[in-house]
Participant: 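Quick one: structure below, then a few questions.
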Amino acid sequence: MNRFDELIEQALDIHPHDGPGAALLLREADAERDGATTEQLEGWLRAAEHVLLGHLDDASGLEALLQDAEPALARRAQAAIALARGQAAELGALEPADRVRAHYNAALGVSRRRDFDGMRRLMAAAQQQVQADDSGSARAWAAVANNIAADLRFYHQRGDAPHAALMIEAAQLARQAWAAAGGWLEQERADWQLAMCAAAAGEGALALQAAHSGLAACERHGADDYEFCFAQQALAQAALSAADLPLAQQAREAMAQRLAAVPESNRGYAQRCLEEIDAALQQRRA
């Protein structure tokens with residue numbers, strides 16, 4: 001991995017918690033792009049679109065990085081900038097899936113302004129770009145809806161009702177989209193997302209419904225232990241949201257049993273999720 005790729009990787013690692021720091025790294029990468037392949041440049045532009053527009057709502061900063069970019073590589077980012085500004089976007093030259101994806105970082109940028117109605121309009125516009133004869137665009141829409149829900153959940157603050165309403169709405173749209181465009185695994189993971197979003201919003205009944213649906217899918221299709229870990233995580237978090245501590249403890253124990261069967265090298269993230277459940281259970285019992 002060369003310096004150009006290292007800077008992009010570092011930016012993506014820190015961007016959820018340090019958007020300005022990630023933007024600085026991507027600007028530093030701009031000075032290192034001589035000799036970069038088309039694939040590397042595309043990765044840099046996608047990262048810049050996500051960090052500068054999606055996380056920082058800095059359309060002007062993204063435009064500055066695009067000035068010397070190959071026009072064909074910059075088209076999606078330019079379309080996203082226009083969409084974030086409420087302007088007409090040039091989508092016709094993009095592949096069907098990228099016409100959908102252009103709305104993603106535009107919607108995230110709008111979220112930083114708390115313009116939730118604007119986000120809904122962009123999500124509806126993205127869905128309208130799905131073509132019946134193009135499975136890639138359908139899968140792109142499902143991923144966009146899921147990733148918007150995930151972003152809203154990451155930044156959700158308890159008691160923020162407008163934020164929570166859109167978070168659940170996006171997760172429900174993702175579940176519907178994956179039911180049409182994906183297999184059982186994508187649908188199960190969409191159940192997980194919906195359960196986690198509903199739990200974060202304090203909607204215990206909805207969270208439990210989604211979590212049970214995901215767990216049933218894992219059982220029906222013989223999911224591996226790692227997948228079961230997260231199905232049980234969703235059930236534990238949903239039960240906590242519904243104030244059902246016995247069920248939360250039961251799901252926690254089932255998750256721990258599954259985790260013990262996962263190779264140690266793959267346990268890190270799931271182990272942290274289990275520790276979060278333990279902390280929440282301890283807090284509820286205090």
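Since this is a predicted model, take the numbers as computed values, not measurements.
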Participant: Does NZ or CZ of R258 fall inside the cone over F228's six-membered ring, less than 6.0 Å from its centre and within 45° of the axis?
Facilitator: yes
Participant: Which label fits H15 and H50: parallel for a plane angle under 30°, tilted from 30 to 60°, or perpendicular past 60°?
Facilitator: perpendicular
Participant: Check this for me: does any side-chain nitrogen of one of R267 and D225 sit under 4.0 Å from a carboxylate oxygen of the other?
Facilitator: no
Participant: Whether the Q129 and R101 side chains hold a donor-acceptor pair (N or O, under 3.5 Å, no angle test) is what I'd like checked.
Facilitator: no
Participant: State, to 0.1 Å, how close M119 and S111 come at their nearest heavy-atom pair, and which atoms those are.
Facilitator: SD-CB, 3.1 Å
Participant: Mind checking the CG-CZ spacing from L91 to R75? Nearest 0.5 Å is all I need.
Facilitator: 12.0 Å
Participant: G109 and D57: which non-hydrogen atoms are nearest, and at how many Å?
Facilitator: O-CG, 3.4 Å
Participant: Counting only heavy atoms not in R158, do more than 12 sit closer than 6.0 Å to its CZ atom?
Facilitator: no
Participant: Quick one: pull up CD in Q232 and SG in C273 and give me the separation to the nearest 0.5 Å.
Facilitator: 13.5 Å
Participant: Assess whether atom CD of Q131 is packed by more than 12 heavy atoms of other residues, nucleotides or ligands within 6.0 Å.
Facilitator: yes
Participant: How long is the gap from CZ on R76 to NE2 on H103, to the nearest 0.5 Å?
Facilitator: 11.5 Å
Participant: How about E63 and Q67: does a side-chain donor come under 3.5 Å of a side-chain acceptor?
Facilitator: no
Participant: Does a side-chain N-to-carboxylate-O contact under 4.0 Å join R139 and D134?
Facilitator: no
Participant: Look at the aromatic rings of H221 and W184 and report parallel, tilted or perpendicular, splitting at 30° and 60°.
Facilitator: parallel
Participant: Applying side chain to side chain contact (heavy atoms under 4.5 Å, CB included) to L65 and W44, what does each step give before you reach the verdict?
Facilitator: CA-CA 10 Å; L65 285 182; W44 170 66; 4.0 Å; yes
Participant: Between A84 and R113, what is the shortest heavy-atom contact and its length?
Facilitator: O-NH2, 3.0 Å
Participant: Is a side-chain donor-acceptor pair under 3.5 Å present for R33 with Q40?
Facilitator: no
Participant: List the steps and the verdict of side-chain hydrogen bond (donor to acceptor under 3.5 Å, both in side chains) for E253 and Q249.
Facilitator: CA-CA 6 Å; E253 296 302 328; Q249 183 65 42; 2.6 Å; yes
Participant: Does E276 come within less than 4.0 Å of R272, counting only side-chain N to carboxylate O?
Facilitator: no
